[in-house]
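Data first, discussion second: the structure below is written as structure tokens.
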Amino acid sequence: MAKKHTRFRKALTALILIVIVFIVWLGIGGFPIVLQHSNTNVFPIVNEDENVVNPLKDIDLSNGKAVLYLSSDDWNDLPDGMSTRRMLVCTDTAVLRQLKDFFSFEISGGDMATVESELWVYSRDTLLLKTGIDINQNCVGIQNEHIGWAKAVDKERLCHVFAQFKPYRLPFVKL
């Protein structure tokens, strides 16, 4: 009987330890495991004029979602008001409309080698835009194979939009 009691205490202790580690993990930012499950139909990025592009211009975001997947290296220099979590999500249609309105970038013609964060934009569970993104106190820019490096035309408004994204706190995310 004592062996059963000891095994039960050990199992209970292990379970409590796992729960505590999980709670601490969520509290410090967590690193959700991303399960890519959605359809993909990435739109080609077309220049509006010679130097400015808005990749979201022709995308219907009325039933959409935007996900910022931030590199831990980028956390230290995020603009004021942004949460320092690994993943920030927005499904609010009004905020997505603002994102679409202010998502204009000036193409530099170069590349930024250190972009580690990503932005994913979905409409009706279909991935429509996936791009590297750099968000910090000094600039906001996107980097991808279509346009190279491009800086935000209106960094302040775009940062205000990103500050409205909500932290994702669960261990798994299905996209």
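- Stacking of R85 on the aromatic ring of Y168 is not recorded, the 6.0 Å distance cut-off and the 45° axial limit not both being met.
- Distance CG/L56 to CZ/F105: 8.0 Å, rounded to 0.5 Å.
- Separation of atoms NZ (K130) and CD1 (I142) is listed at 14.5 Å; rounding is to 0.5 Å.
- A distance-only check finds no donor-acceptor pair linking the side chain of D73 to the backbone of E116 [under 3.5 Å].
- When atom types are taken as modelled, the side chain of S123 and the backbone of D60 share a donor-acceptor pair closer than 3.5 angstrom.
- How far CE of M82 is from CG of L88: 5.5 Å, rounded to the nearest 0.5 Å.
- With sequence neighbours left out, N63 forms a side-chain contact (heavy atoms from CB on, under 4.5 Å) with R124.
- Listed for the S104 side chain is no donor-acceptor partner under 3.5 Å among the backbone atoms of V53.
- With sequence neighbours excluded, the residues satisfying side-chain contact (heavy atoms from CB on, under 4.5 Å) with S117 are L70, S71, D74, I133.
- The distance from the OG1 atom of T126 to the NZ atom of K65 is 11.0 Å, given to the nearest 0.5 Å.
- A donor-acceptor contact shorter than 3.5 Å links the side chain of Q137 to the backbone of L78.
- In terms of modelled atom types and a separation under 3.5 Å, the side chain of K151 and the main chain of V140 share no donor-acceptor contact.
- Once rounded to the nearest 0.5 Å, the distance linking CG of D77 with CG of N136 reads 4.5 Å.
- From L129, atom CG reaches atom CH2 of W120 across 12.0 Å, with rounding to the nearest 0.5 Å.
- Side-chain contact check for L119 versus V67: every heavy-atom pair is 4.5 Å or farther apart.
- Side chain of K166 to main chain of T91: no donor-acceptor pair is present (N/O by atom type, distance under 3.5 Å, no hydrogens or angles).
- Residues satisfying the ring pair (Phe, Tyr, Trp, His ring centres under 6.0 Å) test with F102, not counting sequence neighbours, are none.
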